[in-house]
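Below is one structure, written out as structure tokens; comments come after it.
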Amino acid sequence: MSHYIGRFAPSPTGPLHAGSLVAALASWLDAKAHQGTWFIRIEDVDYIRCKTEFTEIILSQLLTLGLHSDLPICYQSQRSKAYQNALDCLIQQGWAYPCGCTRKFMQNTPTGIYPGTCRHGLNGLLARNWRVSTGLNHKPIAIQWDDRNLGAQTQNITQEVGDFVLRRADGPWAYQLAVVVDDAAQGVTHIVRGEDLADNTSRQWHLQNLLGFPHPEYLHTPLVWAEDGQKLSKQTGAKPLDITQPIACLNAAIDVLNLPQPSTEHIPTWLHQATGIWAEKFKLKPR
């Protein structure tokens, strides 16, 4: 197996749309241009919003577009024990604590950043969720990392993010903890995803530091915008991909990535040509 391991990790709250295909294609192309391994992880840890039927649709869409997982499909819904072990580790280290603050309390904070109210005790409140400290008896923490597309990035998570949730009040594990635990367990070396997730990187870097996990390399791709100027997403009513025209879908996605379209209507050939185009853009040498 190659030392490069990448993944595409959709959340099954709806079918893939044009924006999610951009991230899927970019992650696949980067893995193949590195002659690496690419797999699919279904991020269905939010059992309230995620549906099995959407998982089936997403996997069918990817297969139709020629994006085959090199490894068995992974499901976050089967990984609760691993997340609990990570939370227990953070609790033992003194970095994680129970929080009794409500959503209404958060809405009334001036900055929207959690001020650490329960960091030193619940003060009579009932525990609702678990948070990780971003400043427990420490100086403010500034995370610095390099993005292969966006360049040097810096975020002071103490002042700009605050103590963030690891397990929600309604039960599901938070995305930040689950993705960090899974990326480490599955040996992910490179993460390629949409630019809307770039702001999450410093939080994940913080957890990787606390849990002793390695830091993958990151590349955040351009977003697809709706006609009203909003980011195309399931929340803004993005239409599912029309995979009856797979080449049209792939061409639209590679346009967003600012790369030339391959000159073929044959999906395997299209993907082969696109891999070469990607390798040339990022100056990747064949091994």
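Values in this document were obtained by computation on a predicted structure and should not be read as measured data.
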Quick check: [Y] with [X] (ring centres under 6.0 Å apart)?
| X | Y | value |
| --- | --- | --- |
| Trp205 | His215 | yes |
| His34 | Trp278 | no |
| His272 | Trp28 | no |

Hey, does the side chain of [X] reach the backbone of [Y] with a donor-acceptor pair shorter than 3.5 angstrom?
| X | Y | result |
| --- | --- | --- |
| Asn129 | Leu166 | no |
| Gln273 | Ser263 | yes |
| Thr264 | Trp270 | no |
| Thr109 | Thr111 | no |
| Gln61 | Leu16 | yes |
| His68 | Phe39 | no |
| Asp44 | Ser77 | yes |
| Thr158 | Gly135 | no |
| Asn156 | Ala142 | no |
| Ser60 | Glu56 | no |

Legend entry - Over 12 foreign heavy atoms within 6.0 Å of CD, Gln186: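 Count over threshold, so yes.
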Inset, instruction - For atom CD1 of Ile48, decide whether the heavy atoms of other residues, nucleotides or ligands shown that lie under 6.0 angstrom number more than 12. - result: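 Correct, the count exceeds 12.
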Nearest 0.5 angstrom please: [X] [atom1] to [Y] [atom2], how far?
| X | Y | atom1 | atom2 | result |
| --- | --- | --- | --- | --- |
| Asn200 | His220 | CG | NE2 | 7.5 Å |
| Gln76 | Ile42 | CD | CD1 | 9.5 Å |
| Leu25 | Leu65 | CG | CG | 8.5 Å |
| His190 | Ser27 | NE2 | OG | 12.5 Å |
| Phe8 | Ile191 | CZ | CD1 | 13.5 Å |

Under 3.5 Å, is there a donor-acceptor pair linking the side chains of [X] and [Y]?
| X | Y | result |
| --- | --- | --- |
| Ser69 | Trp38 | no |
| Thr37 | Arg7 | no |
| Gln176 | Gln204 | yes |
| Asp46 | Tyr175 | no |

Legend entry - Student check: side-chain heavy atoms of Tyr83 and Val45 closer than 4.5 Å: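 Tyr83 vs Val45: side chains touch.
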Legend entry - Residues that Arg79 engages under salt bridge (Lys or Arg N to Asp or Glu O under 4.0 Å), provided they are two or more places apart: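 Expected list: Asp182.
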Inset, instruction - Look at Asp30 together with Arg148 and state whether they make a salt bridge at an N to O cut-off of under 4.0 Å. - result: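 Salt bridge between Asp30 and Arg148, a charged N being under 4.0 Å from a carboxylate O: yes.
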Legend entry - cation_pi(Arg167, Trp173) dist<6.0 Å, angle<=45: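 Flagged: Arg167 positioned over aromatic ring of Trp173.
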Legend entry - Cation-pi geometry met for Arg131 and Phe164 (6.0 Å, 45°):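 Pair Arg131/Phe164 does not count as cation-pi.
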Legend entry - Member of Leu241, Ile57, Ile40, Ile243 meeting the side chain to side chain contact (heavy atoms under 4.5 Å, CB included) criterion with Leu62: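 It is Ile40, the one option of Leu241, Ile57, Ile40, Ile243 that forms the side chain to side chain contact (heavy atoms under 4.5 Å, CB included) with Leu62.
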Inset, instruction - Please test Gln155 against Asp199 for side chain to side chain donor-acceptor pair (under 3.5 Å), starting from the C-alpha separation and ending with a verdict. - result: CA-CA 8 Å; Gln155 186 177 46; Asp199 184 59; 2.9 Å; yes
